[in-house]
Amino acid sequence: MLISDSKISIFISHSARISEKLFNESKSTWHFFTKFVDELQQPVLPLLSKHLKKMITTTDNYDLTKHNTFAMRVKCGVFMEYTKAEDIPFILSSIRKDVERFHIGAGSDLLFTGDYPGVILHSAIKGMEIISESPQEVIVRVGAGESMDDFVIWAADRGLWGIENLSGIPGEVGASAVQNVGAYGAEACDSIVAVHAFDEVEQEFVTFQKDECMFGYRDSIFKQPDEKGRYIIHAVDYSLSPSGCPNLSYPALKKIFEEKDCTSLSPHDIRKAIIGIRDSKLPDPAEVPSAGSFFKNPIVTPEHFEQICRSEGNTDIPHYTVDNGLKIPAAWMIERCGWKGYSDGNVAVWHLQPLVIVNPEKKASPEEVIKLENKIIESVNARFGITLSPEVEHI
C-alpha cells in the first residue's frame, strides 16, 4: 500500500484541526472512536475519503492527463488533493516514509517522463484576500491553488498594477513563486513580498520574505537541490499598486503603445496587448498541448557572444544585458538550427515559436518528447557552443 495504516496517535495529533468536521458525522464521541477503531486495519486512503471528503480527496491509479498541459498519458499511484493549509500535515503523516511524493500545480511546466509510482499532491486552496491597503500599495494574499491568470484578471478588474504583464501564463499561484514565472519584461518576484509554506523537515508552517526566497531567472529557493520538495506552498502575498504605470520594457509591447498616451492606460489595456502577443506566437495548451517555453534563455560571457557573432557573420544577434553576462534568446538559436516547424512522429516544434515543443495530436509519449529535446540541445551545442537547459521540469 502507498498509504500507511492509520494510527490513533496520528489522528489525535491532528484532531484539533479536523475534530469539528469529524465529530459532526458522529452522534457522540464514543460512536466516532468506535467507528475509527473498527477501521484501523484499513489504509488511511479510504479513511480520508470517508471522513474528510470535504477537505481531502484521494484516488488510486489516477490518470494525470488533465493535470499536465503536455497531455502526457501517464498515471500516478495515488492522487491527493486538499483545500486547506491545515490539511497538509495530516496528509504527509499518512504517507509512508518510503513512498515517493511530488507536489504539482496546474502541471504547466512539467514533463512526466512516465507513470509516477508514488503520491501526487495538489493544492486546491483558493481565495484572494486584501490583507493591507494604502494609497500606494495593496497587499493581496492568494491561495496556492488559484489560477495565476485568474489572479491577473482579478487585479486588473480592480485597477491594480504589477502583474498585468504576466497575463495568459498557464499555471497556479503557488507554482508562480517556485518557478518565478515571467514574461514580457516582468517576473513574479517583482511583485511577491512573502511566500507561506509548510516545512516538511521541521514540521511547521513558515513564511519566507521576498529576500529569503532567493529568486533568480526561473528559479527560487524552492528549486534548490538541498531544499527542493521540502516546502509546500499554501499562499503567496503579492504587492500591487493602485497608482502604478505600465511596464513597457518589452519591445513588442512598447511598439504597440508608442503613439498612445500612457497615462490613460489601464491594467486591462496592457493585459489585452499581452494576450494578443501571446496568441500570435504561442499555442493554447488546451488546444495544442505543450509545457510552454521548453528551454531557458542561456546567459553567456561577452567573449562567447563575440565568438558567436564572428562565427555567424552577424553582429546584430538578439541579446539582452543582464547582471552576469548577455542573455541570448534560445528561440533564435533553435530557429537558426532549422528546428522551427519541425515534426517527428507525434511531436513537433511549434511553427510560430521554436522555443515550444508541442504534442499536436495528443498522442505523443514522453520518450518522443525527450528524444526531440536531446536532438535540439545537441544541434545548438554543435553550432553555438551552448548547452541549453530545459525550463520544463522532468518528473
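FYI, the numbering just counts along the sequence from 1.
Minimum interatomic distance between I328 and N297 (heavy atoms only, all atoms of both residues): O-CB, 3.6 Å. What you find for T263 and D261 is that their closest heavy atoms are OG1-OD1, 2.6 Å. Looking at every heavy atom in both residues, K340 comes nearest to H351 through CE-O, 3.0 Å. The two residues P242 and P135 make their nearest non-hydrogen contact at CG-O, 3.2 Å. Shortest non-hydrogen contact noted between P298 and I386 is CB-CG2, 3.7 Å. In terms of heavy atoms, P390 sits closest to K296 at O-CE, 4.0 Å.
In this structure the side chain of V300 never reaches within 4.5 angstrom of the side chain of H319, judged on heavy atoms. Side-chain contact between F198 and L92: present, with at least one pair of heavy atoms (C-beta onward) separated by less than 4.5 Å. Looking at heavy atoms from C-beta onward, F102 lies in side-chain contact with L110 at the 4.5 angstrom threshold. With contacts defined as side-chain heavy-atom distances shorter than 4.5 Å, the pair P354/Y342 does not qualify. In this structure, F257 and I270 have side chains that are in contact, with non-hydrogen atoms separated by less than 4.5 Å. Taking 4.5 Å as the limit, some side-chain heavy atom of V140 sits within range of a side-chain heavy atom of W154. The side-chain heavy atoms of L240 and F151, taken from C-beta on, include a pair separated by under 4.5 Å. Taking the side chain as every heavy atom from C-beta outward, Y184 and R278 approach each other to under 4.5 Å.
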*Please assess I95 against M80 for the test side chain to side chain contact (heavy atoms under 4.5 Å, CB included), listing each intermediate value before the final yes or no.*
CA-CA 11 Å; I95 301 173; M80 304 182 77; 4.1 Å; yes
_Using side chain to side chain contact (heavy atoms under 4.5 Å, CB included), reason through L253 and I277 one step at a time and then give a plain yes or no._
CA-CA 8 Å; L253 191 61; I277 295 172; 4.2 Å; yes
*Candidate pair Y82 and H103, rule ring-ring contact (aromatic ring centres under 6.0 Å, His included), full reasoning*: CA-CA 11 Å; Y82 57 94; H103 202 291; 5.8 Å; yes
_Test side chain to side chain contact (heavy atoms under 4.5 Å, CB included) on M72 and V369; report intermediate values, then the result._
CA-CA 10 Å; M72 292 293 104; V369 176; 4.0 Å; yes
_Checking E227 against M214 for the side chain to side chain contact (heavy atoms under 4.5 Å, CB included) test, could you report, in this order, the C-alpha distance in whole Å, the side-chain angles of both residues, the deciding distance, and whether it holds?_
CA-CA 12 Å; E227 306 290 355; M214 297 173 57; over 6 Å; no
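Ion pairing between a basic and an acidic side chain is recognised when a charged N comes within 4.0 Å of a carboxylate O; D344 and K375 show such pairing.
Side-chain N or O atoms of H196 include none that pairs as donor or acceptor with a backbone N or O of A194 at under 3.5 Å. Panel note: side chain Q353, backbone L355; a donor-acceptor pair is recorded below 3.5 Å. Here the side chain of N180 pairs a donor or acceptor atom with the backbone of C189 at under 3.5 angstrom. Panel note: side chain H394, backbone V392; a donor-acceptor pair is recorded below 3.5 Å. Remark: side-chain polar atoms of E368 are paired, donor with acceptor, to backbone N or O of N346 under 3.5 angstrom. In terms of modelled atom types and a separation under 3.5 Å, the side chain of S293 and the main chain of F295 share no donor-acceptor contact. Using modelled atom types, no side-chain atom of E164 and backbone atom of V152 make a donor-acceptor pair closer than 3.5 Å. Of the possible polar contacts, one joining the R73 side chain to the K362 backbone as a donor-acceptor pair under 3.5 Å is found. Using a distance-only test at 3.5 Å, with no hydrogens or angles considered, a donor-acceptor pair links the side chain of N359 to the main chain of A364. In this structure, N68 contributes its side chain and G107 its backbone to no donor-acceptor pair below 3.5 Å.
In this structure, a donor-acceptor pair under 3.5 Å is absent between the side chains of H67 and E81. Counting only N and O atoms by type, the side chains of S147 and D149 include no donor and acceptor under 3.5 Å apart.
Going from atom OG of S249 over to atom CG of N165 covers 6.5 Å, rounded to the nearest 0.5 Å. Between the CD1 atom in I192 and the CG atom in D237 there is a gap of 9.5 Å [rounded to 0.5 Å]. Rounding to the nearest 0.5 angstrom, the gap separating the OG1 atom in T387 from the CD atom in E378 is 10.0 Å. Note that CH2 of W161 and OG of S266 are 6.0 Å apart. Values are rounded to the nearest 0.5 Å. The distance from atom CZ of F384 to atom OG of S379, rounded to the nearest 0.5 Å, is 9.0 Å. For the atom pair OH (Y116) and CD1 (I395), the distance works out to 7.5 Å, reported to the nearest 0.5 Å.
With sequence neighbours excluded, no residue forms a ring pair (Phe, Tyr, Trp, His ring centres under 6.0 Å) with W350.
The ring of Y231 has its center closer than 6.0 angstrom to the ring center of F208.
Hydrophobic clustering, with ILVMFWY side chains joined whenever heavy atoms are under 4.5 angstrom apart, groups M128 together with I130. Under the 4.5 Å side-chain heavy-atom criterion for ILVMFWY residues, no single connected hydrophobic cluster contains both L282 and I275. Residues Y320 and I317 fall into different hydrophobic clusters, defined by Ile, Leu, Val, Met, Phe, Trp and Tyr side chains chained together at heavy-atom separations under 4.5 Å. The hydrophobic clustering, which links ILVMFWY residues whose side-chain heavy atoms are closer than 4.5 Å, places F112 and Y62 together. L111 and V288 are assigned to two separate hydrophobic clusters, defined by single-linkage of ILVMFWY side chains at heavy-atom distances under 4.5 Å.
Under a cut-off of 6.0 angstrom, the local environment of NZ in K126 is crowded, with over 12 non-hydrogen atoms contributed by other residues, nucleotides or ligands. For CD of E212, the number of neighbouring non-hydrogen atoms (other residues, nucleotides, ligands) closer than 6.0 Å is greater than 12.
Through side-chain heavy atoms spaced under 4.5 Å, either directly or across other Ile, Leu, Val, Met, Phe, Trp or Tyr residues, I131 is tied to I139, V193.
When the options E393, E187, K223 are evaluated for a side-chain hydrogen bond (donor to acceptor under 3.5 Å, both in side chains) with Q179, the one that passes is K223.
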